[in-house]
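What follows is one structure encoded as structure tokens, with my remarks underneath.
Fair warning: this is a prediction, and the values are worked out from it, not measured in the lab.
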Amino acid sequence: ESGHLALQMRNLNLSEIAQFLVGEFEVPAEVGKVSLTCRVQPGCVLQADRIQMERLLSNLISNALKYTPHGGSVHVSLEPDGDFVRLSVR
């Protein structure tokens, strides 16, 4: 109501979330004739709001599939990077 988003910050295993969401996009990728691959390092844990991280990653994957031509490929990768986690959707 106040225009502020109340984040629920928790330890999240982003590796599990990324693998699950990539699985959710397998059918749309097949329909669009786009190769969807995923390379996720296990144990990428960070403090974040689960709903917002799922929304972010879903949006990135969805847009990548939407704007990749037939026969193209989308690759999702996730790896620890010091105190951070490096996420790439290309």
Check your understanding: Just how far is it from atom CD of Glu26 to atom CG of Leu21, taken to the nearest 0.5 Å?
Key -> 11.5 Å
**Study point:** ILVMFWY cluster, Phe20 and Leu36 together (side-chain gap under 4.5 Å)
**Key:** yes
Point to revise | For Ser73 against Val34, the heavy-atom pair lying closest together | key: CA-CG1, 4.0 Å
**Study point:** Any residue meeting side-chain hydrogen bond (donor to acceptor under 3.5 Å, both in side chains) with Ser35, in chain and number order, not counting sequence neighbours
**Key:** none
Check your understanding: Roughly how far apart are Ser88 OG and Glu79 CD, rounded to 0.5 Å?
Key -> 8.5 Å
Study note, to complete from the structure: Contacts of Asn11 meeting side chain to side chain contact (heavy atoms under 4.5 Å, CB included) (sequence neighbours excluded), chain-then-number -> Val45, Gln47
Check your understanding: With side chains defined as the heavy atoms from C-beta onward, is the minimum distance between Gln8 and Arg50 less than 4.5 Å?
Key -> no
Check your understanding: Which atom names give the shortest non-hydrogen contact between Ala64 and Val89, and what distance separates them?
Key -> CB-CG1, 3.8 Å
Check your understanding: For the side chain of His70 and the backbone of Gly32, is there at least one donor-acceptor N/O pair under 3.5 Å apart?
Key -> yes
Revision key, fill the gap. Note: Ser15 and Gly43 closest approach over all heavy atoms is OG-N, 3.3 Å
Show me, pair by pair, the donor-acceptor contacts under 3.5 angstrom made by side chains of residues 55-62, not counting sequence neighbours?
residue : atom : partner : partner atom : Å
Ser58   : OG   : Glu54   : O            : 2.9
Asn59   : OD1  : Asn63   : ND2          : 2.8

Check your understanding: Taking atom CG of Leu46 and atom CE of Met9, what is their separation to the nearest 0.5 Å?
Key -> 8.0 Å
Review point. How far does CG of Leu12 sit from CG of Asp49, to the nearest 0.5 angstrom?
Key: 7.5 Å
Revision key, fill the gap. Between Val40 and Ala18 the two heavy atoms that sit nearest each other are CG2-CB, 4.2 Å
Review point. Is the backbone N or O of Arg39 less than 3.5 Å from a side-chain atom of Ser77, with the two atoms forming a donor-acceptor pair by type?
Key: no
